[in-house]
Every structure is written in C-alpha cells, then in structure tokens.
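Working notes for the structure below.
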Amino acid sequence: MPRKGTIALITDFATVDGYVGAMKGRIKSLAPRVEVIDITHQIEPFNLRQAAFCLQNSYPYFPDKTVFVVVVDPGVGTSRRGMVIKSSQHYFIGPDNGVFSFVFQREGCRSYAISLDAFHEEIADTFHGRDVFAPLAAKLACGKDILPFLEPLQDPVSFLNSPRQIDDNQLMLEVLHTDHFGNLILNFSKSDWILRGANEDLTVVAGQHRISGIQKTFGEVAAGETLITWDSTGFLQLAVNMGNAAKELNIHSGEKVRLEL
Amino acid sequence: MPRKGTIALITDFATVDGYVGAMKGRIKSLAPRVEVIDITHQIEPFNLRQAAFCLQNSYPYFPDKTVFVVVVDPGVGTSRRGMVIKSSQHYFIGPDNGVFSFVFQREGCRSYAISLDAFHEEIADTFHGRDVFAPLAAKLACGKDILPFLEPLQDPVSFLNSPRQIDDNQLMLEVLHTDHFGNLILNFSKSDWILRGANEDLTVVAGQHRISGIQKTFGEVAAGETLITWDSTGFLQLAVNMGNAAKELNIHSGEKVRLEL
Amino acid sequence: MPRKGTIALITDFATVDGYVGAMKGRIKSLAPRVEVIDITHQIEPFNLRQAAFCLQNSYPYFPDKTVFVVVVDPGVGTSRRGMVIKSSQHYFIGPDNGVFSFVFQREGCRSYAISLDAFHEEIADTFHGRDVFAPLAAKLACGKDILPFLEPLQDPVSFLNSPRQIDDNQLMLEVLHTDHFGNLILNFSKSDWILRGANEDLTVVAGQHRISGIQKTFGEVAAGETLITWDSTGFLQLAVNMGNAAKELNIHSGEKVRLEL
C-alpha cells in the first residue's frame, strides 16, 4: 500500500492547545495512508490576510491533487459558509471569508459550499477544523466522492484590491503583507510591471521615505539600507538589508504607499 | 513495506535547539517506517497542566495503537519515574509527573514504570526524551516487546481536582487551562452538567464579572463581548468573541470562578 | 513503492509566510516518496550560531543518508557560495557561511560549491532555499547524481574557536549557544576534559558568579540554584534548576567565562 494523497495545513491555532493535533488525529484515523504536511499554525489569531498570503506563497509548488486546509475562522459556527475549491491542480478547504482571495485571482476555480446537513456525526460549533474540514479533506485526499457534502457557491469572499491609478505615472499601492523578516509586500506584481512597460527606475514613496531602483537581492545595498526588490513570488517589496523594513519605515499591512513609475 | 505505526510528540523543548530533531532522528533510525507526528513543542517550559490539556485535546482522535510521547520533564534525571501507559486504544510514554492526569481520569489504564537498568546504551541524565522515551516509543510503534524495560507502577501522579460544592446551586470551579486564543477552560464538563440535570440558565461569576447563559458559538454575541460556551471536547469555557477572555477578565490557569446553576 | 530518503529542514523562516511551505511543496513535487522532517524553522533571523548548534544537536541521531538542508542565509543572492557536504553518513546542503561549523569539526567531509549555472529553471535571487537547495536535496534524497551541479570547494567558512589557555589551570571559554531553557553551552567538551585528565572539582567564573562541581542533572541542586553539568551532546553547560541561567547570570552567546580546572 503506497502513500496516497497529501493534505497541507494552515491554521491560526498555534500548536500548544492540541487543536492541530486533533485535526491530524482525525485525518490519520480516516485516511492512514495520506501524508499531512504542516505549512503553518502560527497565523496571528483571526488574521485572514496573513493566511491568504501564506497560502499563495506555498500552494503553487505542491504536487497535483494536494488538498490545502486553511482554518483561520473567527466566524466558525455562525452563518459564514464553509467551502471547497477545485482548481486545475489543487483542492482547497476552509471558511468562505477571504483566505482564498489569491487562489480566485490566479486560478480557474470551481467553488462549492459545504452543507453541514450532510454530516452524520456531531459537529462542535466552535471547531469545524476538526469536525468538518479535516474529515472532508481526508475523504478528498483518498479519492472519495465528497459531492454529497457540497452545494454550488456563488461570489466567494475576496479582499484583494487592485492598485489605484493616481495619474499616468503614479499608483497608490497597498501593503498586502508584512513577512517574518519585516519585508513589506505590495499589491503590484512583476506582470503588472511588464504590462505597463515600466522600467527599473521606479520610486516608492512611503511616508517620509523615498526608495528608488529595483535591486536583484538584499545584499546589493549596505546593511541597514532600504531597498526595493521583487519578492520570491513576483510581488514588489520593500526590504532593509539585514534589518526589518516594517519597523524601520513604520509601515504595516493594509497601509498605502505611492509608486512613481 | 508499508508504513507501520505512528508516534505523536508533545514537548516543551521548542524546536530551535535541535533537541526535538534529536528525538526524531533517534526514532527514524530505530524505526524507519514509523510516522512521527508533531502535536506541539511549544508547551511553556515546565508547564505540566498545559501539556496535560494539549494531550487530552488531541489523543482521542488518533488511530488505534498510536504512541504518544510527552516530554515536559523538569525532574529529568532525578528519582521521578518514567512511565508507560496502555489504554484500550493508545500508548503513552513520559515522566510520571501529572502530564497524563486526563488519561487516567478517562481511560481504563495499565501503568508501568520504566526501569533504566534495562537499557544497555548510555543515558544522558538531562535528556530522557532522546535516550529513554524515544527509543521505547520506536520499539512499541514497531510492535516490539518492551516489557523487559517495565515494572508495575502504582498511584501515578495526577493533579486533577473535582469542582468543590458550595451549596445546592453553587460550585467552585477551577480554570484548567488558558488556550492560545485566551479562552478559559473550566473543570466542569458537559457530562457533569447532564448528570446534575442543570439547564442553560447557569451563571459564571469571575471576579467582578457575571456571565450568563450557554451560547452555541463565539459569534452569537457581539465582538468584544464575553460568553459561556462548551469547548470542543466538552468542558465549559469562558470566551470573548474576537477577543481574549484571559486578558479581558484578568483570570488565569489555576484560578477559581463560581458557577451558579 | 516504499518510502525512500529523508530530508530534514532547519531554517530561520518561521512558518507564517509560507516560505517553508514552498520548500516542502517543491521537494514533494520532485520526490514524492521522500519524507520531509522539520527540525526547526524558529532560528532567530540571521543567527548562524544558533543554526549551527541546532544542527549539531540533532544530525548525529538521524539515519544514514539523511539530507540536512539548512537555510539561514542573510547573503542569499550575493557572491556567498551555496554548498553541499558529504560526510561518512550524511549530506548537508546550505550556504557556506558557518552554519556547518560543527560538522567540519567532527566529521571527515568532502565539500562542494553549488554552480548556479547548471540550473535550467529560474532562480529567485532572494530564495535559494526554494529554488536551489530544495531541488538539490530532493534529487540527492532520491539517489540521483547531483555532481553536474557541483564544483570543488576549499576552505569552507567556520566560526568555531578553541578555548584560550590562560595558564596551566585556567581556560577562557566562550558561550557557544543559549538554549530555549536559558542553559549556557560552553566550548569545552567532555573529550577536552578527559584529554586534560581534569576532575569534577572545576569552577566556572561568570561575571560575579562562581559555580563549582559537575552535577549529574538539574534536580541535584535546589530550584533556582545555578549548576554546572554536561549537556546532552557532551558540552559543559551552566544551568539554573527550574530557571533560566542566561537571565539569572546575565550572560549571552559569544560572551566569555573563565574555567578553573
């Protein structure tokens, strides 16, 4: 019996309370040959943007048919819907609250709402990760039919905003995400840049700071200096070599910076 | 050669020092086909209650014959005993210091003390996780006989207290555990509640705060409001919707609250 | 198809941004049957010493042919070399910046530099973990030939210092590492001690503090008291029973203490 199927987990549960353990136990009980891979359990409590960004940074590299379970779910047990997404290569399971925003933007997707009525076992209203998402993921990873648990879903929630045009040469960008190193990732991708035929002489104006030119990597400027570079998935980012750009520039997720092309 | 056996780990080692890595390496060397699953390595140093709670939140969901290794072990190398527990479904290995309190309460168990004299390899007095518990877990998960390493053990350590009756309608409860979200989990379970024939009109008095009624889930009250709900394993808990009850109510593990039925 | 090969990961990425997820996805896509084991992703950003120590604490216990990938890499994308090391039992992949210092000290090694010119796919200058080290590790763990990607490498970087002799009975030691419990690990090993024919009456002078005698384990002194013991890989360490020696003694990694034999 070879290994069959992969489930990758993203949660804001931390690991210390055993909630992630419960999900893993549930999956292994239902699908002993499926491999469970931790992406992270360190999403800040309720931080949907951080979860969405973590997912977009990792999912494209996983094998076909990997099932991603994302549980950052402040609305658990209320009327917020649980959902399953099928893209051309992967499956995604979690709440319909924006955590899959990047997936909708990048992939042709079919989206389904999870019907709790189809479950025969008791569901804890505070823990769909263990009682709804994990069992569905286990079935899916084993190749079982989960359509009886699903209904069509229109208009899934997304929070992605496009850059706002100020004039011909200026855009108002948004900080999508601040990573663990303090790098500030902006909602302007390499493809946006190519489409506009822009060059490397661009400037980002962030509060009192003006940073110009696109560097190849962090070490191209002196330690402590601010730079612009492409992040490893192709978003423009502000960074400080050997330092923390979010702290140095005092800018955070959701805030605006100006891009001069 | 299919996979054979599962070992799940709970420690207070964090991962940064490589101690967990050493345990995993030891297990994989002795039992290459056994799967090692991380429950957590983020237990606060020496916090036995937190480890016990993490274990009880996760172990019931794991497949039969899973071996749980719990290493929160401030007394390592002293006269405190190492132990192995066999319940009807699972095995547990770790120090006899209370980390298995919930297991004794819930399961019919046979308990054994580990005899260090039966080990032929050198044992570091500061690291039984690597030199005692991991090798025994590897043998057990492979289906090998570990009885030569064991002796009968009476009266294993437990720290669980029952609620204290104040009068016919009032109980003094204890905060068993504060979870990562700040939810306060109390030593009063759904079965205690059913046995008493109580109803949903109960009140918890916590310092200056009175919270009444049992909610189905967090989102049933407005953001920032305190509520009572059942946690996902059936303990009564105090929570704040989208907030942190431990901080808002200024109550912590081990402290008392009053329950009015 | 049985499992084949093991890759163990050490990074300073944390997990929250999905960078580790990307590496795992890449490995699983290239080598589905290889097992990926987390040692840690919690190395402090850019802390090469901590990564080196974590590696030396864990690698000796892993099965033959395990591939260790260490990505603490502030110089990524600059002229710093990526490297592959083959010891008698294991493989190591990562930047040539000192993270393998203990490996060179302990093992007979062959070292190779990674030639980026041999890669056909695009390499992000900020993320060799995903685009260089993970793919090479996947190939190596599968038993594929990676010599086409390698060149001979002389003089790999190491930061290990020997203890400095003050006089016949005194050595100036260095704190190699402060672990998660605050234990201070010193650059003086049990073999150094045996070679010198020293006895257990040694004293460590750390600032205002004098600590004498080697204890078997933490619990041999009262709670809160400082002690000297051998750490679990054979280095001399300063510890506080049930406490944090780094905080109590106010000493940190890289600082000096005096050893009187």
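Convention: sequence-line order gives letters A, B, ...; per-chain numbering from 1. Computation of the quantities below employed the complete heavy-atom set of this structure, encompassing side-chain atoms and omitting hydrogens, waters and symmetry-equivalent molecules. Bear in mind the structure is a predicted one, so any value in this text is a computation, not a measurement.
At a 4.5 Å heavy-atom cutoff, the contact between B:Thr178 and chain A is made by backbone atoms alone. A:Val16 touches chain B through backbone and side chain together, each having a heavy atom under 4.5 Å away. Looking at B:Asp38, the atoms closer than 4.5 Å to chain A (heavy atoms on both sides) sit in the backbone and in the side chain alike. For B:Leu55, no part lies near chain A; criterion is any non-hydrogen pair under 4.5 Å. Using a 4.5 Å cut-off between heavy atoms, B:Ile43 contacts chain A through both its backbone and its side chain. Contacts of A:Ala22 with chain B are made by both backbone and side-chain atoms, with heavy-atom separations under 4.5 Å. Contacts of A:Asp131 with chain B are absent, with no heavy-atom separation under 4.5 Å from either backbone or side chain. Using a 4.5 Å cut-off between heavy atoms, A:Arg80 makes no contact with chain B at all.
Nearest heavy-atom pair, A:Pro95 versus A:Asp73, reported as atom, atom and distance to 0.1 Å: CB-OD1, 3.4 Å. When all heavy atoms of A:Val240 and A:Ala245 are compared, the pair lying nearest together is CG2-CA, 3.6 Å. Minimum heavy-atom separation, A:Ile114 to A:Val132: CG2-CG1, 3.9 Å.
Between the CD1 atom in A:Ile7 and the CZ atom in A:Phe68 there is a gap of 11.0 Å [rounded to 0.5 Å]. Rounding to the nearest 0.5 Å places CD of B:Glu225 at 11.0 Å from CD of B:Glu248.
Look at A:Glu151 and A:Arg81 and you find no salt bridge, because none of the NZ, NE, NH1 or NH2 atoms lies under 4.0 Å from a carboxylate O. By the 4.0 Å N-to-carboxylate-O rule, A:Lys24 lies too far from B:Glu35 to be salt-bridged with it.
The distance between the ring centers of A:Tyr59 and A:Phe100 does not fall below 6.0 angstrom. Taking the six-membered ring for Trp and the full ring otherwise, B:Phe181 and A:Phe46 have centroids separated by under 6.0 Å.
Among A:Gly75, A:Ser29, A:Gly77, the residue with the largest count of heavy-atom pairs under 4.5 Å with chain B is A:Ser29. Listed options B:Phe218, B:Phe62, B:Phe53 were ranked by heavy-atom pairs under 4.5 angstrom with chain A; first place goes to B:Phe62.
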Can you list the steps and then say if A:Phe102 with A:Asn57 is a side chain to side chain contact (heavy atoms under 4.5 Å, CB included)?
CA-CA 10 Å; A:Phe102 289 99; A:Asn57 246 352; over 6 Å; no

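Residues of residues 227-238 of chain B lying within less than 4.5 angstrom of chain A, judged on heavy atoms, are B:Thr229, B:Trp230, B:Asp231, B:Ser232, B:Thr233 in numerical order.
Looking only at atom types and distance, the side chain of B:Ser253 has no donor-acceptor partner in the side chain of B:His177 under 3.5 Å away.
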